[in-house]
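A short worksheet on the structure shown next.
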Amino acid sequence: MNTTTVPTTLSEQQLIAGLPAGFRWGVATSAYQIEGAIDVDGRTPSIWDTFCRVPGAIDNGDTGDIACEHYTRMPADVALIKDLGLDTYRFSVSWTRIQPHGTGPVNPAGLAFYDRLVDELLAQGIDPWVTLYHWDLPQELEDAGGWPVRDTAYRFADYSMLVFDALSDRVDTWTTLNEPWCSAMLGYAYGAHAPGRQEFPAAVSAVHHLLLGHGLATERMREAAPRKLDIGITLNAATAYPASDAEPDLEAARRADGMGARLYLDPLVHGRYPADVIDDLAAQGIEIPVQEGDLASISTPIDVLGINYYFSQKFTGFDENGRTTDDDGLPISRTLPLNKPRTAMDWEIVPEGFTDLLVRISKDYPGLPMVVTENGSAFQDVPDENDYVADADRTAYFTSHLAAVARAINEGADIRGYLAWSLLDNFEWAYGYDKRFGIVRVDYESQARTPKQSALYLKELAEQHRNL
Ligand code: IFM
C-alpha cells in the first residue's frame with residue numbers, strides 16, 4: 001500500500017525562510033575590540049587598557065592598542081556591511097573618547113568619530129544601533145571605586161546623555177549596557193575581565209549599580225527623546241538545565257538561572273530582585289545595596305530587550321564524591337557536559353537551549369520585544385591562498401541558531417531581528433586575537449578584510465528574506 005509521508009518537522013532552512021517580514025538582519029561589534037587608536041583625539045585609558053598591561057591577563061600579551069584599526073578604516077568597514085546587504089549595525093561608544101576623565105564636558109574630537117560613523121551608516125542605508133557601554137569603564141572611575149560604587153551609575157547616566165544629545169537626532173535604537181553579568185561577574189568576582197578584581201560582594205554591588213545606571217540613563221533619554229525611539233538593554237543569558245530531577249541538581253540549575261538571568265530580568269521587568277537569589281546571597285552575608293527609588297528607575301519600561309546567546313549548560317548540585325555542600329557549608333554547583341560538539345571557545349553548541357531561553361523569557365516576561373543582539377562562534381579558521389575562509393562550521397552554527405530563533409517565534413516569542421557576532425575578527429578580551437568570531441577575516445599584519453563563507457551565507461539569507 002502506498003502511503004504519503006507528511007513532514008511533521010520543518011527543516012532548518014524552511015524555518016529560517018519562515019522568519020517574519022520586517023525581521024532585522026545585522027551585525028554587531030564593540031569599540032575596544034575593533035577600534036585601536038587608543039590615544040588619539042583625546043581618548044584616555046579605560047579599564048581594558050590597564051588590564052591588558054597586567055602580565056598574564058591576556059593570552060599572548062595581546063592588547064586592543066591597534067585591534068582592527070577601525071578608527072581609521074571606518075568608512076571601508078561600513079562599505080563592507082553595505083556589501084553584505086545587512087540592514088542594521090550595532091556598535092558601541094568608547095566612554096573615554098567622549099569623556100576622557102569619566103566626568104565633565106564632552107570631548108568634541110572623540111564624539112566626532114561616532115558622528116561620522118552614524119552619517120556614514122545612514123548614507124549607506126544602514127540602521128545605526130548604539131550601545132553606550134560595552135565594558136570599557138574609564139580608568140579614572142575605576143580608581144574611584146568602579147561599578148561597586150554607587151556614584152558610577154550617575155556618571156554613566158551623565159555620559160549617556162552626552163552621546164544621546166549628539167546622536168539621537170539620527171539614531172533610533174539605543175542599548176544602555178551590553179551584558180552587565182560580564183561586567184559585574186567576570187570583572188569583579190572572577191577577575192577574568194577588567195578590572196580583574198575577585199571580590200564577590202563587590203560584584204553583587206556592581207550588578208545593582210550597573211542596573212541603576214541603566215535605569216537612570218533610560219529615564220533621562222526617554223524624557224529627552226526627540227521622537228519615538230527604541231531604548232533597551234542587552235543581556236547575555238542561557239538555559240540552565242538540571243542534570244537530573246534530584247533536588248540538589250534542580251537547586252543548582254535554579255541558582256545558575258537566578259544569578260545568570262533572573263537577577264537582571266526581574267528588576268528590569270518586575271521592579272524587584274528575585275526572592276530566592278536574595279536569600280542565597282543573604283546566606284553568604286551579602287546584601288544588594290538597594291536604595292529607595294532604585295527599583296522604580298531600573299524598571300523604567302524598555303522598548304527592546306537585546307539577547308546575546310552563545311551556549312547553554314547542564315548543572316549538578318553534587319560534587320564528584322556525591323556531596324552536596326562544600327567545606328564552608330555552601331551548596332555545590334558544577335557544570336556537566338551536555339556531550340555536544342564544541343566551538344574553539346570550548347563552548348558546547350546548544351541551539352535548543354536558545355529556543356528554550358527565548359520561549360521562556362517571552363512567557364515569564366511577556367510583552368517585551370526581543371532582538372538577538374549577538375550570536376556567533378569562534379572556530380579555528382583555515383584561510384586559503386586568497387585569505388578566504390570556507391567556514392562551514394560557523395555557517396552551520398548560524399543555520400542552527402537562526403532556526404532556533406524561528407522555532408521560538410513559532411512558539412510565540414516576539415523576536416524582531418538577529419545581529420551576528422561579529423562583523424570582524426577582533427580582540428576577544430582575555431583570549432586576545434586567537435579566537436576569531438568574525439564573519440569577515442582580518443589579517444592582522446595587513447589589516448586586509450576578507451568575507452568568509454558565513455558572511456556570504458548571511459548576505460544570501462538577508463537578501464532572500466527581503467525579497468519574500
Ligand atoms: O566578544 C564578546 C562580546 O564582546 C560580548 N559577547 C560575547 C562575545 C564573544 O565572547
Side-chain angles (χ1 to χ4, degrees), residues 26-36 46-49 51-52 57-60 62-64 67-68 70 89-95 129-137 175-187 190 192-195 210 232-238 260-261 264 305-313 342-351 353-354 357 370-381 391 393-394 397-398 401 418-442 444 452 454:
V27 74
T29 63
S30 89
Y32 190 70
Q33 292 181 273
I34 63 167
E35 287 178 358
S46 77
I47 53 175
W48 273 95
D49 297 277
F51 193 57
C52 285
I58 314 291
D59 287 356
N60 310 312
D62 288 343
T63 73
C68 306
H70 174 71
Y89 177 52
R90 171 178 177 252
F91 60 92
S92 81
V93 174
S94 154
W95 189 336
W129 179 322
V130 169
T131 296
L132 288 159
Y133 185 75
H134 197 124
W135 307 354
D136 42 2
L137 185 71
T175 290
T176 53
L177 307 175
N178 182 71
E179 302 180 357
W181 180 89
C182 294
S183 298
M185 291 299 146
L186 295 180
Y190 306 134
H193 277 190
L210 282 152
I233 187 170
T234 277
L235 305 177
N236 56 310
Y264 303 86
L305 174 67
I307 293 293
N308 293 356
Y309 178 84
Y310 289 89
F311 61 95
S312 287
Q313 287 177 314
R342 291 171 186 259
T343 69
M345 297 292 282
D346 209 26
W347 295 342
E348 291 191 279
I349 302 175
V350 195
F354 199 8
L357 173 74
M370 289 181 268
V371 170
V372 176
T373 40
E374 285 182 27
N375 177 239
S377 52
F379 287 102
Q380 294 300 339
D381 290 344
D391 55 344
D393 35 21
R394 190 175 289 103
Y397 183 98
F398 282 131
H401 286 73
Y418 178 94
L419 314 184
W421 183 267
S422 182
L423 172 64
L424 304 170
D425 289 335
N426 59 45
F427 176 74
E428 178 52 27
W429 308 110
Y431 294 94
Y433 293 96
D434 263 1
K435 303 286 185 250
R436 291 175 177 266
F437 276 89
I439 59 170
V440 173
R441 176 173 175 79
V442 175
Y444 292 114
K452 304 176 191 175
S454 55

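One-based numbering, in listed order, for ligands and for the atoms of each. When a residue number appears, it is its place in the shown sequence, counting from 1. Both backbone and side-chain heavy atoms feed into the values below; hydrogens, waters and symmetry mates do not.
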Which word best sums up how the rings of [X] and [Y] line up, parallel for under 30°, tilted for 30 to 60°, or perpendicular for over 60°?
X: His193; Y: Trp135; value: tilted
X: Trp347; Y: Phe437; value: tilted
X: Tyr397; Y: Phe379; value: perpendicular

Report the C-alpha separation of Lys452 and Asp425 in whole Å, then their side-chain angles, then the decisive distance to 0.1 Å, and conclude whether the salt bridge (Lys or Arg N to Asp or Glu O under 4.0 Å) test is met. CA-CA 11 Å; Lys452 304 176 191 175; Asp425 289 335; 2.7 Å; yes
Note down each nitrogen or oxygen pair, ligand 1 side and protein side, whose separation is under 3.5 Å; give only atom names and the distance to 0.1 Å.
residue	atom	partner	partner atom	Å
ligand 1	1 (O)	Gln33	NE2	3.0
ligand 1	1 (O)	Trp421	NE1	3.2
ligand 1	1 (O)	Glu428	OE1	2.6
ligand 1	4 (O)	Gln33	OE1	2.7
ligand 1	4 (O)	His134	NE2	2.7
ligand 1	4 (O)	Trp429	NE1	2.8
ligand 1	6 (N)	Glu179	OE1	3.3
ligand 1	6 (N)	Glu179	OE2	2.8
ligand 1	6 (N)	Glu374	OE1	2.5
ligand 1	10 (O)	Glu428	OE2	2.6

Presence of salt bridge, Arg436 and Glu428, under 4.0 angstrom: no
Name of the residue among Tyr309, Tyr310, Tyr418 meeting side chain to side chain donor-acceptor pair (under 3.5 Å) with Glu374: Tyr310
